[in-house]
Trainee: 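Structure provided below as structure tokens; questions to follow.
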Number of protein chains: 2
Amino acid sequence: MLGLMQNWPLLIHKIIDHAATQHGGREVVSRSVEGPIHRTTYRDIRQRALRCAKRLTQEGIRPGDRVATLAWNTWRHLESWYAITGMGAVYHTINPRLFPDQIAWIANHAEDRILMTDLTFVPLLEALADKLPTVRRYVVFTDAAHMPATKLKNAVAYEDWIAEADEDFRWIDCDENAAAGLCYTSGTTGNPKGVLYSHRSNVLHSMAMSAPDCLGLGARGVILPVVPLFHANSWSIAFSAPMSGAKLVMPGAKLDGASVYEMLESEQVQVTAGVPTVWLMLLQYMEKEGKRFSHLKRCVIGGSAAPRAMIEAFETVHGVEVFHAWGMTEMSPVGSIGSIKPGLAHLQGDALFDLKETQGFAPFTVEMRIDDDQGRPQPWDGKTFGRLKVKGPCVAGGYFRGEGGNILDANGFFDTGDIATIDENGYMRITDRAKDVIKSGGEWISSIDLENCAVAHPDVAEAAVIGVRHPKWDERPLLVVVPKEGRTIDGAALLAFMGERIARWQLPDDVQVVAEIPHTATGKINKLRLRDTFKDYTLPTI
Amino acid sequence: MLGLMQNWPLLIHKIIDHAATQHGGREVVSRSVEGPIHRTTYRDIRQRALRCAKRLTQEGIRPGDRVATLAWNTWRHLESWYAITGMGAVYHTINPRLFPDQIAWIANHAEDRILMTDLTFVPLLEALADKLPTVRRYVVFTDAAHMPATKLKNAVAYEDWIAEADEDFRWIDCDENAAAGLCYTSGTTGNPKGVLYSHRSNVLHSMAMSAPDCLGLGARGVILPVVPLFHANSWSIAFSAPMSGAKLVMPGAKLDGASVYEMLESEQVQVTAGVPTVWLMLLQYMEKEGKRFSHLKRCVIGGSAAPRAMIEAFETVHGVEVFHAWGMTEMSPVGSIGSIKPGLAHLQGDALFDLKETQGFAPFTVEMRIDDDQGRPQPWDGKTFGRLKVKGPCVAGGYFRGEGGNILDANGFFDTGDIATIDENGYMRITDRAKDVIKSGGEWISSIDLENCAVAHPDVAEAAVIGVRHPKWDERPLLVVVPKEGRTIDGAALLAFMGERIARWQLPDDVQVVAEIPHTATGKINKLRLRDTFKDYTLPTI
């Protein structure tokens with residue numbers, strides 16, 4: 001027997017409708033790519049999104065078509081999302097930091113029809129345009145006065161282009177499971193894979209994220225997403241801010257410490273969110289200039305693990321509460337966030353920061369488990385490693401065009417590829433990537449923990465740990481180190497140093513000193529190449 | 001094209017699963033009907049709900065069957081909801097304050113299979129049992145030691161009954177639109193009508209209610225629902241508290257000022273919710289005893305309009321923020337709630353309380369409009385009256401068994417039967433019931449406003465306003481008054497008094513002094529009977 005409640009599908013445009021109706025005058029403040037600060041409101045964002053949606057329709061875009069955006073966080077980019085989804089198409093966010101070939105690959109895989117971009121990226125796209133045959137038109141987020149001369153196909157300034165349509169447009173009424181957004185993961189192996197969000201998944205994720213233990217966004221909130229819209233839906237903020245009526249502050253192209261600080265202060269921002277790199281720039285700027293926050297209360301840090309020193313600096317120096325979060329493009333993206341549960345509210349000092357170093361706990365709508373290689377659940381004791389698996393309405397069930405095949409296990413969980421512990425209070429800590437963890441005699445050793453321990457030695461500039469075959473233990477860790485300039489490293493002494501900090505059975509079996517460790521384009525250690533370099537290596541202790 | 005996110009239906013048992021996993025040790029504290037304070041946790045609530053679900057299955061209950069509860073707010077009542085919905089059946093909450101005949105009518109209309117109740121209501125049910133042929137078994141929320149001798153069919157103590165099953169039970173996996181709960185509205189005319197909630201509507205409503213501008217519930221929250229579970233899902237609290245990990249404090253049968261105060265204090269409650277009647281008792285108790293709150297921060301008042309003096313007492317005397325809310329059984333039930341938008345954050349004193357007297361604004365998931373009789377939208381100016389209509393995923397689309405036929409208008413909106421204004425900031429104020437508003441020459445006059453104005457006169461004990469036919473204006477207001485003991489009322493003087501407070505065109509055309517005004521069983525003015533009394537009356541001024 002079905003209930004008798006109304007059929008009201010969870011569609012993205014209902015968010016901007018709600019914002020325009022209930023919080024119409026609430027500001028959206030952006031640092032424009034052209035330079036000046038720009039101020040608008042949710043009411044105007046909606047009106048212009050309607051215009052843009054109508055213009056997309058006139059352009060021949062149909063429901064399900066992909067419209068790419070390669071752009072900074074500004075009001076125009078925000079409008080484009082509501083326009084694209086509001087007429088049934090799919091926004092495809094492209095990360096400008098990808099290699100040009102990757103950009104071309106995913107734009108072709110997505111079959112993007114229109115590409116909307118910022119002035120910043122026109123040269124990049126001009127160099128790429130020959131490789132983007134599906135793109136019929138380039139729309140540049142600017143006005144006629146700032147529009148550059150360009151040979152990009154049918155290039156037009158966004159302001160001119162939407163001026164060709166009026167606001168007399170009706171949002172599409174569709175299945176809430178219809179595709180709404182597309183974002184590719186930048187896998188280190190194989191081709192990028194597209195995560196195809198639905199209206200439902202984005203709306204539900206934003207409702208979950210508005211809760212007090214996540215973003216805690218109400219109508220009186222002010223939030224600045226440093227995290228880009230192209231970084232997995234800006235962690236829901238493009239939706240959750242208008243949903244709650246919070247003022248939205250957009251940093252545009254300027255993510256340096258001084259620029260971010262200026263906007264946090266001048267717009268009285270209470271909540272912000274971004275990756276560790278930008279916070280490092282911000283904290284360094286503030287320390288150098290002797291600056292303090294006047295309004296900031298909460299800083300969400302995700303994307304990669306927040307260093308403990310960064311968490312401590314925010315909390316103890318600046319009085320800002322850090323919410324350490326973890327997520328994935330496949331998770332819409334937030335999977336866990338580190339607010340403090342009541343049983344731990346007494347923690348202070350090191351004990352508090354130990355907790356804050358974890359990636360927090362899963363909010364409602366996220367189910368989480370850690371399994372061994374046979375899919376057996378592992379205990380939540382804060383020590384036992386397991387493959388981190390997740391389930392929920394905002395978690396991918398498959399990739400675009402079936403890439404990667406069936407990605408769910410027999411229980412319907414998605415394997416994140418991460419290795420994690422979960423403690424008795426539900427706090428999850430990522431300990432390694434599954435492909436990097438060393439499996440030694442049934443026990444798993446974190447390569448990251450060993451690397452962190454090795455670089456604490458004064459002679460070590462960089463360290464990498466890989467697993468090498470072992471006849472008895474299957475795998476044992478090999479430590480590869482680069483000495484600091486002018487230093488030499490004694491392997492035995494280094495292991496002795498590490499032995500004071502790490503259990504004996506986890507210690508690397510050998511140390512190899514090298515001049516250089518290979519890196520990927522994004523600066524991470526390239527363990528694939530490192531393993532290849534040491535493919536003929538045999539352990540001395542066998 | 002559909003998105004590729006996981007199929008994870010919004011099912012109620014996922015709430016208690018989440019609570020048990022992430023907030024397993026968080027307390028649920030109840031004043032038991034037997035007397036003592038009882039303490040349990042979400043983990044144990046879930047375990048016992050699994051047991052109860054299995055026991056229901058053994059009893060022959062099938063998905064879609066209705067299981068009635070006629071009970072106070074305690075942990076056992078809470079468990080029963082998760083058990084009933086977790087095995088696919090439908091909880092049907094019965095309000096014990098209804099007339100016995102009404103209870104029998106709705107239990108028969110619902111075809112309740114099992115009735116779960118408290119010790120308090122055993123005598124009531126014994127008197128009614130002959131009229132409840134569909135009920136196969138009565139389960140009393142108590143243990144063997146407290147179980148009374150009763151002739152109720154197959155009566156059993158809840159603790160004995162669930163002890164006959166173990167916890168090895170798997171929640172049902174069903175469509176999120178499946179029926180989950182049933183609650184009848186107590187219409188003043190016609191038979192009660194059943195609102196049939198779905199899993200989806202209850203889960204979405206609870207997600208919306210957890211937001212900072214509604215209940216603002218996080219894991220460190222502590223909430224006491226004075227509002228009963230039988231009063232429209234206890235305004236979502238039975239779901240939103242475990243969803244967020246907040247501690248849940250249940251007042252049991254004792255809703256007097258002293259008992260509620262004691263629990264608010266001893267359990268360090270931060271948020272509470274209930275109808276004006278209980279707050280009146282609480283405030284009177286506190287004034288008399290010179291008590292103060294130590295922890296309470298937020299009080300949600302709904303069910304009927306909160307008197308201004310009550311709002312002022314909470315805010316100015318006790319420093320507790322009042323969230324004035326409005327809702328209906330048909331809305332799951334919350335439709336609007338009065339947090340303060342940023343543009344109004346500067347308001348103080350009378351201006352602030354003017355705002356707090358409104359019923360607040362609609363949260364995301366609720367669409368609201370005010371229409372004239374022809375369905376044309378009226379301006380949001382805080383003055384123009386309109387029929388209040390609502391739309392959303394937690395709003396009824398029809399009544400159980402098709403009672404009332406199609407209840408949605410051409411735009412898919414549900415007509416609440418209320419007359420309201422909405423101001424330019426979205427704040428809604430209920431001004432009258434649609435059947436009571438006086439329609440005079442195209443303008444609508446609030447009977448309630450006139451009554452409130454009349455009773456402010458020192459000689460008036462009670463006042464009622466009804467519309468009477470008028471050849472030119474269609475309807476004009478007639479004021480019916482009861483004088484205070486020992487006083488006499490001069491109609492002209494009373495109208496002159498009112499004329500200083502109310503626009504001339506709204507003033508009643510006549511005053512009739514009577515000895516008594518008829519009331520309904522719940523104490524409201526019976527305007528149906530009053531209109532009947534004055535059906536042959538003609539206005540003097542025609």
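A, B, ... follow the sequence lines: proteins, then strands. Residue 1 opens every chain. The structure displayed is predicted, hence computed values, not measured ones.
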Trainee: Please state whether the side chain, the backbone, both or neither of Ala362(A) comes within less than 4.5 Å of a heavy atom of chain B.
Mentor: both
Trainee: Report which part of Arg66(A) has an atom under 4.5 Å of a heavy atom belonging to chain B: side chain, backbone, both, or neither.
Mentor: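 For Arg66(A), the contact with chain B is made by the side chain alone.
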Trainee: How would you list all residue pairs meeting side-chain hydrogen bond (donor to acceptor under 3.5 Å, both in side chains) that involve residues 4-16 of chain B, not counting sequence neighbours?
Mentor: Glu367(A)-Trp8(B)
Trainee: Using a cut-off of under 4.5 Å on heavy-atom pairs, state which of Gly216(B), Pro342(B), Gly398(B) scores highest against chain A.
Mentor: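 Option with the greatest count: Pro342(B).
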Trainee: Is it the side chain or the backbone of Ala178(A) that comes within 4.5 Å of chain B heavy atoms, both, or neither?
Mentor: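 For Ala178(A), heavy atoms of backbone and side chain both lie under 4.5 Å from chain B.
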Trainee: Hey, could you give me the OG1/CG distance between Thr365(B) and Leu10(A), rounded to the nearest 0.5 Å?
Mentor: 9.0 Å
Trainee: Select one option (side chain, backbone, both, neither) describing which atoms of Tyr399(A) are under 4.5 Å from chain B's heavy atoms.
Mentor: backbone
Trainee: So which part of Asp65(A) gets closer than 4.5 Å to some heavy atom of chain B, the side chain, the backbone, both or neither?
Mentor: neither
Trainee: So, taking the atom named CG in Leu2(B) and the one named CG in Leu196(A), what distance separates them when rounded to the nearest 0.5 Å?
Mentor: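 Here the interatomic distance stands at 9.0 Å.
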Trainee: Looking at Gly392(A), Gly397(A), Ala211(A), which makes the most heavy-atom pairs under 4.5 Å with chain B?
Mentor: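 With the most close heavy-atom pairs to chain B, the winner is Gly392(A).
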Trainee: So, do Tyr197(B) and Leu4(A) sit near enough that their side-chain heavy atoms are less than 4.5 Å apart?
Mentor: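 They are not in side-chain contact.
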Trainee: Could you list which of residues 405-414 of chain B have a heavy atom closer than 4.5 Å to any heavy atom of chain A, in residue-number order?
Mentor: Leu408(B), Gly412(B), Phe414(B)
Trainee: Among Ser332(B), Cys214(B), Pro363(B), which residue has the highest count of heavy-atom pairs closer than 4.5 Å to chain A?
Mentor: Pro363(B)
Trainee: Taking every heavy-atom pair that is under 4.5 Å apart, which of Glu330(B), Met207(B), Lys247(B), His199(B) has the most such pairs with chain A?
Mentor: Met207(B)
Trainee: Please determine, among Ile422(B), Asn425(B), Val195(B), Ile15(B), the option with the most heavy-atom pairs under 4.5 Å with chain A.
Mentor: Ile15(B)
Trainee: Give the member of Gly426(B), Gly194(B), Ala396(B) that has the highest number of heavy-atom pairs under 4.5 Å with chain A.
Mentor: Ala396(B)
Trainee: Please say whether more than 12 non-hydrogen atoms of neighbouring residues, nucleotides or ligands are located less than 6.0 Å from CZ in Arg170(B).
Mentor: no
Trainee: Can you tell me which portion of Pro63(A) sits under 4.5 Å from chain B's heavy atoms? Options are side chain, backbone, both or neither.
Mentor: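 Contact with chain B: none, neither part.
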Trainee: Give every residue pair that meets the side-chain hydrogen bond (donor to acceptor under 3.5 Å, both in side chains) criterion with at least one member in residues 172-183 of chain A, sequence neighbours excluded.
Mentor: Asp175(A)-Asn177(A), Glu176(A)-Arg200(A), Glu176(A)-Arg200(B)
Trainee: Taking side chain as everything from C-beta outward and backbone as N, CA, C, O, which of these in Leu182(A) sits under 4.5 Å from a heavy atom of chain B? Side chain, backbone, both or neither.
Mentor: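 Answer is neither: Leu182(A) stays 4.5 Å or more from chain B.
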Trainee: Using non-hydrogen atoms and a 4.5 Å limit, figure out which bit of Val203(B) sits close to chain A: side chain, backbone, both or neither.
Mentor: side chain
Trainee: Would you mind reporting whether Trp380(B) and Thr21(A) have side-chain heavy atoms less than 4.5 Å apart?
Mentor: yes
Trainee: May I have all residue pairs that pass side-chain hydrogen bond (donor to acceptor under 3.5 Å, both in side chains) and include part of residues 207-220 of chain A, sequence neighbours excluded?
Mentor: Asp213(A)-Ser339(A)
Trainee: Among Gly218(A), Ser198(A), Pro212(A), which residue forms the greatest number of heavy-atom pairs with chain B at distances under 4.5 Å?
Mentor: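 Option with the top pair count is Pro212(A).
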Trainee: Against chain A, label Ala19(B) side chain, backbone, both or neither, depending on which of its atoms sit under 4.5 Å from a heavy atom there.
Mentor: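 For Ala19(B), neither part sits under 4.5 Å from chain A.
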Trainee: Do Lys341(A) and Gln22(B) come within less than 4.5 Å of each other through their side chains, counting heavy atoms only?
Mentor: yes
Trainee: Heavy atoms, side chains only, cut-off 4.5 Å: are Met331(A) and Met5(B) in contact?
Mentor: no
Trainee: Determine, using ring centers only, whether His18(A) and Phe361(B) are less than 6.0 Å apart.
Mentor: no
